[in-house]
Amino acid sequence: MGARQRLALLAASLAAVPWPGAAQFLEPLEPPLGLPETLQGTVAVPLAEPPTGPADTLPALFPVLAACWRVPPGLEGARNWQITARFALRRDGTLIGTPRITFAAGTLNAGSRAALVGATLGSIRRCVPAHVTPALGRAIAGRPLALRFIDRGSDR
């Protein structure tokens with residue numbers, strides 16, 4: 001017996017075996033709606049040097065978006081924090097909708113956390129429209145971006 005015949009026999013025998021919930025698969029099902037893949041990047045802020053020129057790759061995009069981040073009043077001494085913003089851009093680098101914070105962590109009190117959220121959302125608004133090449137603009141248009149800003153205790 002050849003490999004194809006054995007495979008066909010195995011498939012036929014498995015199809016004949018009843019299993020719990022089998023009846024629910026008798027009708028064709030619609031595939032679940034899939035969410036687009038989120039493009040993720042991490043940038044240590046504040047940047048030592050702002051990027052020059054338009055971003056032409058995904059790794060170059062995230063520093064362009066983080067270049068406007070400034071230390072807010074009251075957060076000068078805070079260390080080891082991180083915050084993630086989620087948003088989407090059009091092909092021309094402008095925002096689609098409103099950015100939102102999806103994660104924040106670190107040794108921050110409520111006031112410091114509010115300052116960090118404000119600084120993060122403000123920096124994204126100041127940095128758009130993002131300077132991107134047409135090719136990168138087409139690649140990122142409408143896709144969710146998750147940008148994580150971090151400070152690991154480096155000297156400012």
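The figures that follow rest on heavy atoms only: side chains count, while hydrogens, waters and symmetry mates do not. Nothing here was measured: the structure is a model prediction, and the numbers come from that model.
- Summarising the geometry of A104 relative to R113, their closest heavy-atom pair is O-NH1, 3.1 Å, with the distance given to 0.1 Å.
- Taken to the nearest 0.5 Å, the CZ atom of R126 stands 10.5 Å off from the CG atom of L121.
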N/O donor to acceptor pairs below 3.5 angstrom from side-chain atoms of residues 51-67, sequence neighbours left out:
unit_1 : atom_1 : unit_2 : atom_2 : d
T57    : OG1    : A60    : N      : 3.3

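- Rounding to the nearest 0.5 Å places CH2 of W69 at 6.5 Å from OG1 of T120.
- Proximity of a side-chain donor or acceptor of R143 to a complementary backbone N or O of A88 within less than 3.5 Å is not detected.
- Formation of a donor-acceptor pair under 3.5 Å by the R86 side chain with backbone atoms of T102 is not found in this model.
- Linking Ile, Leu, Val, Met, Phe, Trp and Tyr residues whenever their side-chain heavy atoms come within less than 4.5 Å places L47 and L147 in a single cluster.
- The distance from atom CD of Q82 to atom CG of L116, rounded to the nearest 0.5 Å, is 10.0 Å.
- Atom CD1 in I83 sits 4.0 Å away from atom CD1 in I101 (nearest 0.5 Å).
- L95 is listed as a side-chain neighbour of L89, based on a closest heavy-atom distance under 4.5 Å.
- Contact detail for F149 and S123: the closest heavy-atom pair is CZ-OG, 4.0 Å.
- Between the CG atom of L145 and the CD atom of Q40 there is a distance of 10.0 Å, given to the nearest 0.5 Å.
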